[in-house]
There are 2 protein chains.
Amino acid sequence: MAADSDESESGSTDRLGLICRALRRAILERALRPGDKLPEDALGERFGVSRTIARYALGQLGSEGLVELRRNRIAVVATPSWEEARDLFDVRVSLERLVVKQLAGRLTREQIEELEAGIAEEREAQGGPESASIRLATEFHITLAEMTGSPILIRYVSEIGYRCGLTLSLFGRPHSSECAVNEHLEIVAALASGDADRACALMDHHLEAVASRALVSEAAKPRDIMDVLAPYVTDAAGPKKRRAGG
Amino acid sequence: MAADSDESESGSTDRLGLICRALRRAILERALRPGDKLPEDALGERFGVSRTIARYALGQLGSEGLVELRRNRIAVVATPSWEEARDLFDVRVSLERLVVKQLAGRLTREQIEELEAGIAEEREAQGGPESASIRLATEFHITLAEMTGSPILIRYVSEIGYRCGLTLSLFGRPHSSECAVNEHLEIVAALASGDADRACALMDHHLEAVASRALVSEAAKPRDIMDVLAPYVTDAAGPKKRRAGG
DNA sequence: GGCGCCAGACTTGCATGCACTTTTGCGACG
DNA sequence: CGTCGCAAAAGTGCATGCAAGTCTGGCGCC
């Protein structure tokens, strides 16, 4: 698999990679929500390691944009702004277009079955919690990227996938992911038939659909608590500004 | 402004970011060459910090693909394979196309002047060492990305830029970068005139040209010493295989 | 009654120490 | 003479300790 000597996190007794994966998944499934604090002590204790490792893991996640790191402050789960999310989806479209272009007509029977199995799982999870749907949908895109064998595509698509998943759980309305599942299926079919253009168009449409569901409205969820409260301060306290953003 | 609270490396007394930048630049300018060892001790001593910080910096660079990290082994400057380089340039084209699309017709007078000043610097450096040319050319693309204001684009274009620069210094022939400078100028002109399609086409062409100069031949520089020796072992030692790759 | 300020707890920033792994040099053996 | 093996040296993996910075609750002042 492409995950062995590839990145900084992998190995035999690799507790670092373990922690990273656990945190990523927890964030994606909304067990950890934007703004939640991630103290090094607590993390380390929870995973049975020292602060050193926890800190290192937070650094990784920070560079992936999943947690926010500020000097001398407790790390928190990232709270993407609407603009960041929009940018993310833009880049995502470009990258995943590359993925389908590379993959069209080159998937083995085995790979197609793996993808379809994943989609079946998605379908099963539809009745369950939304978090599972988001995770499985994200994994579909990552699996696709992994099949290209291009480390850089794998890395970027994974990273953006997680961040988009985070965004979805932030801004998205409780969507029925039924259509998304079907879209996944259609994409695989187009890839299997070797129709690159069609696969590309389907992927574009799919991601635009996801984005439009995710970013229903710019005002859906403002970035900052102070913004949430803005409409309420017409006659309240007034011009007292304690801190810019917290 | 976009560089302050953006990533994990920034701050006031930020020695970590300092080390990262220094190492990135050293690698880009070929002061550190692929395969060079980067022991934590030596790095820390050189920069006046402890191994902890050096290690952390190496982790960052590792996740950026500039250094190779293997468990219990000394970190080394990455030696990209030809295939990785090819993938890198593919992704780069997609991303920088996004950059010019966003920028076309939206550059301020000030920004255009900044870009042209950078290009002038490139022209001046043409007589000097190749490493300076590569660095300045890379910085042009990064500056462009920064002007989009999109954190994700900035990060990815920067990272890929550095890695492509590394590749260039690995595989590239001693090219006259004259045309590249002119191409940069043309791109800025197209952006300033607001002609997105033309800017896009120019950027595509430019990057393809760079890639073709960089990846002159698949056999130019194989990844592994063992591969270099492969043609010589017809009648030499024989089937003795000490290690897969070193 | 509200506001500001200060001290204690809490958390991060970072260096150092120790155990474990890899590497290397050297001597013994085939 | 070439090869293997072992032991010292070098380097990483990681926990812990201490200094410095940040948050919180309570007290005094206006």
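Proteins come first, then strands; the chains are lettered A, B, ... in the order of their sequence lines, and each starts at number 1. Only a predicted model underlies this, so the values are computations on that prediction, with no experimental measurement involved. Both backbone and side-chain heavy atoms feed into the values below; hydrogens, waters and symmetry mates do not.
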Which residues within residues 31-39 of chain B lie with some heavy atom under 4.0 Å of an atom in DNA chain C? none
Atom [atom1] of [X] to atom [atom2] of [N]: distance rounded to whole Å?
X: Leu16(B); N: dT12(C); atom1: CG; atom2: C1'; answer: 14 Å
X: Tyr56(A); N: dT12(D); atom1: OH; atom2: P; answer: 11 Å
X: Glu40(B); N: dT22(C); atom1: CD; atom2: P; answer: 15 Å
X: Asp14(A); N: dC14(D); atom1: CG; atom2: P; answer: 8 Å
X: Arg70(A); N: dC23(D); atom1: CZ; atom2: C1'; answer: 13 Å
X: Ile19(B); N: dC14(C); atom1: CD1; atom2: P; answer: 9 Å
X: Asp41(B); N: dA10(D); atom1: CG; atom2: C1'; answer: 9 Å

So, using side chain to side chain donor-acceptor pair (under 3.5 Å) as the criterion, who are the partners of [X] when residues are at least two apart?
X: Arg15(B); value: none
X: Ser150(A); value: Asp87(B)
X: Arg86(A); value: Asp90(A)

List in chain and number order the residues that pass ring pair (Phe, Tyr, Trp, His ring centres under 6.0 Å) with Phe89(B), two or more places apart in sequence or in another chain; answer none if no residue qualifies. none
Tyr162(A): which residues meet the ring pair (Phe, Tyr, Trp, His ring centres under 6.0 Å) condition with it, sequence neighbours left out? none
Looking at Arg135(B), is its backbone amide N or carbonyl O close enough to the side chain of Glu29(B) to form a donor-acceptor pair, meaning the two atoms are under 3.5 Å apart? no
Taking only residues two or more places apart in sequence, or in another chain, which ones meet Glu45(A) in a salt bridge (charged side-chain N to carboxylate O under 4.0 Å, His left out)? none
The salt bridge (charged side-chain N to carboxylate O under 4.0 Å, His left out) partners of Asp36(A) (sequence neighbours excluded) come to none
Counting primed atoms plus P, OP1 and OP2 as sugar-phosphate and everything else as base, spell out the protein contacts along nucleotides 15-21 of chain D at 4.0 Å heavy-atom distance: B, S or - for each nucleotide, 5' to 3'. BBB---S
Nearest-nucleotide pick for Ile74(A), side chain only, options being dT11(C), dC14(C), dT12(D): dT11(C)
Establish, with yes or no, whether the OP1 or OP2 oxygen of dC14(C) is under 4.0 angstrom from a side-chain nitrogen or oxygen of Arg55(B). no
Note: Arg30(A)-Glu130(A) ion pair, threshold 4.0 Å (strictly below): no
